[in-house]
Asks: 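Encoded as structure tokens, here's the structure I'll be asking about.
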Amino acid sequence: MLVADSISFQGRHSELVPPTSLRVAPGEMLLVAGEPQGARTALALLLSGRMKPGGGVVAWGGSARLAHLRKHSAVVDSPNINDPEAHLKVRDVVSEDLSLIPSPPWRKPNPKKWMAEHGYSDIAGDWVDAVDPVRLTEMLTQLAAENPQTRLLVVDSPDRHPGDDAVW
């Protein structure tokens, strides 16, 4: 279970993340809304252990160690952090993301096979910025979940992409 107890973060000029508390059980999905964009990204980084809270505690599976949280979490499509660059083709994004998954050196990932198995072969040659944002976010989420150690996915601001808010 992810537990955030009054986590906060002071930005350079003002409070970026006010004291925030939440609980999310395995298999559960929680939507957290906030403004501005930088505050949402900061919260995503705090909840995934990529950034240390200025106040409060965030824990995963009973452990408040940030290294433990980082090991078991992934941030998906975070603006200016790990969102795919528009000049890349989808197959390149898949190849890069699969290569980051810890595995023995003899088990080289096969992006073409992964895309075929997950239904993305039709967009393999497309530029990332030309892919439907909902489908791209779905693919990035599936890629993040490929790491067998990942138990927590934090999707950062998918609604920033053009499209119908109701779809998100």
Asks: Closest heavy-atom contact between L140 and V76?
Replies: CB-CG1, 3.8 Å
Asks: Could you go step by step and tell me if S8 and E15 meet the side-chain hydrogen bond (donor to acceptor under 3.5 Å, both in side chains) rule?
Replies: CA-CA 8 Å; S8 62; E15 185 176 56; 5.2 Å; no
Asks: Atom CG of L45 and atom CG of L16: how far apart are they, to the nearest 0.5 Å?
Replies: 10.0 Å
Asks: For V57 and I7, which heavy atoms make the closest approach, and how far apart are they?
Replies: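 Closest approach of V57 to I7, heavy atoms only: O-CG2, 3.4 Å.
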Asks: What are the two closest non-hydrogen atoms of R23 and E28, and how far apart are they?
Replies: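 The answer is O-OE1, 4.0 Å.
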Asks: Please indicate whether E96 has more than 12 foreign heavy atoms, meaning atoms of other residues, nucleotides or ligands, lying under 6.0 Å from its CD.
Replies: no
Asks: Does N147 use its side chain to pair, donor to acceptor, with the backbone of A144 at less than 3.5 Å?
Replies: no
Asks: Drop me the distance from D132's CG to M139's CE, to the nearest 0.5 angstrom.
Replies: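 With rounding to 0.5 Å, CG (D132) is 11.5 Å from CE (M139).
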Asks: Flag the pair W60 / K71 as yes when at least one side-chain heavy-atom distance between them is below 4.5 Å, and no otherwise.
Replies: no
Asks: Quick check for you: to the nearest 0.5 Å, what is the distance between T20 atom OG1 and L46 atom CG?
Replies: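 One gets 8.5 Å once the value is rounded to the nearest 0.5 Å.
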Asks: Apply side-chain contact (heavy atoms from CB on, under 4.5 Å) to R50 and R70, showing your working.
Replies: CA-CA 6 Å; R50 270 55 180 189; R70 271 193 305 273; 4.0 Å; yes
Asks: Going from OG on S157 to CD on E35, what distance comes out if it is rounded to the nearest 0.5 angstrom?
Replies: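 One finds 8.0 Å between OG of S157 and CD of E35.
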Asks: Do the non-hydrogen side-chain atoms of D77 and T141 ever get within less than 4.5 Å of each other?
Replies: no
Asks: I'd like to check V94 versus L143 (side-chain heavy atoms, cut-off strictly below 4.5 Å). Are they in contact?
Replies: yes
Asks: Within this structure, what is the CG-CG distance for the pair L69 and L2, rounded to the nearest 0.5 Å?
Replies: 6.5 Å
Asks: Determine whether a donor-acceptor pair (N or O, by modelled atom type, separation under 3.5 Å) exists between the side chain of R151 and the backbone of P148.
Replies: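 Yes, R151 side chain to P148 backbone: donor-acceptor pair under 3.5 Å.
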Asks: Is there a path from V17 to L30 through hydrophobic residues (I, L, V, M, F, W, Y) whose side chains come within less than 4.5 Å of each other?
Replies: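 Linked within one cluster.
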Asks: H72 side chain to Q149 main-chain N or O, any donor-acceptor pair under 3.5 Å?
Replies: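 Yes; at least one donor-acceptor contact below 3.5 Å.
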Asks: For the pair W114 and E146, evaluate side-chain hydrogen bond (donor to acceptor under 3.5 Å, both in side chains) and give the outcome as yes or no after the intermediate values.
Replies: CA-CA 10 Å; W114 188 92; E146 283 293 315; 3.1 Å; yes
Asks: Would you find a donor on one side and an acceptor on the other, under 3.5 Å apart, between the side chain of N82 and the backbone of V75?
Replies: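 The answer is yes, because a donor-acceptor pair under 3.5 Å joins these two groups.
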Asks: Please check if the side chain of K89 supplies one atom and the backbone of G125 the other of a donor-acceptor pair under 3.5 Å.
Replies: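 The answer is yes, because a donor-acceptor pair under 3.5 Å joins these two groups.
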Asks: For the residue pair V131 and R135, what are the closest heavy atoms and their distance?
Replies: CG1-CB, 4.5 Å
Asks: Quick one, V24 with L22, criterion side-chain contact (heavy atoms from CB on, under 4.5 Å). Give me CA distance, side-chain angles, the key distance, then yes/no.
Replies: CA-CA 7 Å; V24 185; L22 55 88; 3.9 Å; yes
Asks: Is there a chain of hydrophobic side chains (I, L, V, M, F, W, Y, each step under 4.5 Å between heavy atoms) that links L47 to V155?
Replies: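 Each belongs to a different hydrophobic cluster.
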Asks: According to a hydrophobic-cluster definition based on side-chain heavy atoms being under 4.5 Å apart (Ile, Leu, Val, Met, Phe, Trp, Tyr only), do L66 and M51 belong together?
Replies: yes
Asks: Tell me if a side-chain donor or acceptor on S21 pairs with a main-chain N or O of S6 at a distance below 3.5 Å.
Replies: yes
Asks: Check whether L43 and I81 end up in the same hydrophobic cluster, where Ile, Leu, Val, Met, Phe, Trp and Tyr are linked by side-chain heavy atoms less than 4.5 Å apart.
Replies: yes
Asks: Under a 3.5 Å distance rule, please check whether S73 uses its side chain to pair with a backbone N or O of S48 as donor and acceptor.
Replies: yes
Asks: For R91 and M115: C-alpha separation, side-chain torsions, deciding distance, then whether side-chain contact (heavy atoms from CB on, under 4.5 Å) applies.
Replies: CA-CA 8 Å; R91 69 174 154 256; M115 285 185 287; 3.6 Å; yes
Asks: How long is the gap from CG on D97 to CG on D92, to the nearest 0.5 Å?
Replies: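 D97 CG to D92 CG: 11.0 Å, rounded to 0.5 Å.
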Asks: So do the side chains of V3 and V58 get within less than 4.5 Å of each other, counting heavy atoms only?
Replies: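 Heavy-atom side-chain distance check fails, nothing below 4.5 Å.
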Asks: Show the nearest heavy-atom pair for residues S78 and D156, with the distance to one decimal.
Replies: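 Smallest interatomic distance, heavy atoms only, reads OG-OD2, 2.7 Å.
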Asks: What are the two closest non-hydrogen atoms of P109 and P111, and how far apart are they?
Replies: O-CD, 3.4 Å
Asks: Could you tell me whether a side-chain N or O of S95 sits under 3.5 Å from a main-chain N or O of V93, the two making a donor and an acceptor?
Replies: no
Asks: Ignoring hydrogens and angles, tell me if any N or O in the side chain of R40 forms a donor-acceptor pair with the backbone of G34 under 3.5 Å.
Replies: yes
Asks: Give a yes or no on whether I101 and V154 share a hydrophobic cluster (residues Ile, Leu, Val, Met, Phe, Trp, Tyr; joining criterion: side-chain heavy atoms under 4.5 Å apart).
Replies: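 Per the 4.5 Å side-chain linkage, I101 and V154 are not co-clustered.
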